[in-house]
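Structure record follows, encoded as C-alpha cells.
Each chain gets a letter, A, B and so on, in the order its sequence line appears, and its residues count up from 1.
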Amino acid sequence: MPDANSFNEQCYALLMQIPSGKLVTYGDIAHALKGKAYQAVGNAMAANPNPIIVPCHRVVKSNGEVGNYSLGVDKKIALLRAEGIEIDNNQILNFDTVRFRFTP
DNA sequence: ATGTTGACCTAGA
DNA sequence: CTCTAGGCCAACA
C-alpha cells in the first residue's frame, strides 16, 4: 500500500477535478504536479485502481489523439462521446474548446 | 543499484 | 507529414 500522497494518488485527485465534457492531457497533469512525469502519469492510469471513482477516460494525448485506455480505446471514445465530446478517427474535435485547465 | 518498458511530451531535422 | 534525440517519473526484472 503506497502513501495517499504518492505520485499516482495526486494524479487521481487531479482527474476528479475535471468536469464532465472536458479533457486534459498527460502533460497537463504532469505539469500540475510540478514535473514532467508524463509517462508516470500514464503508468498511474494503467494501474487503474478505480475506473469508476476516477475518470481516467478524460485524459488524452497532447497532440489531440485519444490515446489508450485499459478497457479499450473504443470504450474510452464511447464514454467521452457520452459527455458531449466529438471524436473522429481517434482524434479529439474542438480540442482547445473542451480542454480543461487546472485551478489552484 | 542497473536496464528496460510504459495509456508520454517537446524540439529539431 | 515522418523520424530522431533528449528528457522525466514509476514499476518491474
Next item on the list: Taking the side chain as every heavy atom from C-beta outward, state whether Ile92(A) and Lys61(A) have any atom pair closer than 4.5 Å.
Entry: no
Notebook entry, point to check: Which nucleotide sits closest to the side chain of Ser62(A): dT10(B), dC8(C), dA7(B)?
Noted result: dT10(B)
Check: In whole angstroms, how far is the C1' atom of dT5(B) from the CG atom of Asn43(A)?
Finding: 8 Å
Next item on the list: Take the protein atom NZ of Lys34(A) and the nucleotide atom P of dC9(C), then report the distance between them rounded to whole Å.
Entry: 14 Å
Note to self: Taking the P atom in each of dG6(C) and dA7(B), what is the distance between them to the nearest angstrom?
What the structure shows: 24 Å
Next item on the list: Would you mind reading off the distance between Asp28(A) atom CG and dC8(B) atom P, rounded to a whole angstrom?
Entry: 15 Å
Notebook entry, point to check: Quick one: Phe7(A) CZ to dC8(B) P, roughly how many Å, whole number?
Noted result: 15 Å
Next item on the list: Among the candidates dA10(C), dA7(B), dC8(B), find the nucleotide nearest to the side-chain atoms of Gln39(A).
Entry: dC8(B)
Item checked: Over 12 foreign heavy atoms within 6.0 Å of NZ, Lys22(A) -> yes
Check: Within this structure, what is the CD-to-C1' distance between Glu9(A) and dC9(C), rounded to whole angstrom?
Finding: 16 Å
Notebook entry, point to check: Restricting to pairs with a member in residues 72-84 of chain A, which pass salt bridge (Lys or Arg N to Asp or Glu O under 4.0 Å), not counting sequence neighbours?
Noted result: Arg58(A)-Glu83(A)
Checklist line | Atom-pair distance (CD1 on Ile29(A); P on dC8(C)), nearest Å | finding: 20 Å
Note to self: Any heavy-atom pair between the side chains of Leu15(A) and Ile18(A) that's under 4.5 Å?
What the structure shows: yes
Margin query: Less than 4.5 Å apart, side chain to side chain, heavy atoms only: is that true for Thr25(A) and Arg99(A)?
Written below: yes
Next item on the list: Could you check how far CG of Asn90(A) sits from P of dC8(B), rounded to whole Å?
Entry: 12 Å
Next item on the list: Starting from C1' on dA7(B), measure out to CG on Leu80(A) and report it in whole angstrom.
Entry: 13 Å
Margin query: Among dC9(C), dC8(B), dA11(C), which nucleotide has an atom closest to any side-chain atom of Asn8(A)?
Written below: dA11(C)
Note to self: Side chain of Thr25(A) only, heavy atoms from C-beta on: which candidate in dG6(B), dA7(B), dC9(B) is closest?
What the structure shows: dC9(B)
Margin query: Looking at dG7(C), I'd like to know if its phosphate oxygens (OP1 or OP2) sit under 4.0 Å from a side-chain N or O belonging to Lys36(A).
Written below: no
Checklist line | Ser6(A) side chain near dA10(C) phosphate (N/O to OP1/OP2, under 4.0 Å) | finding: no
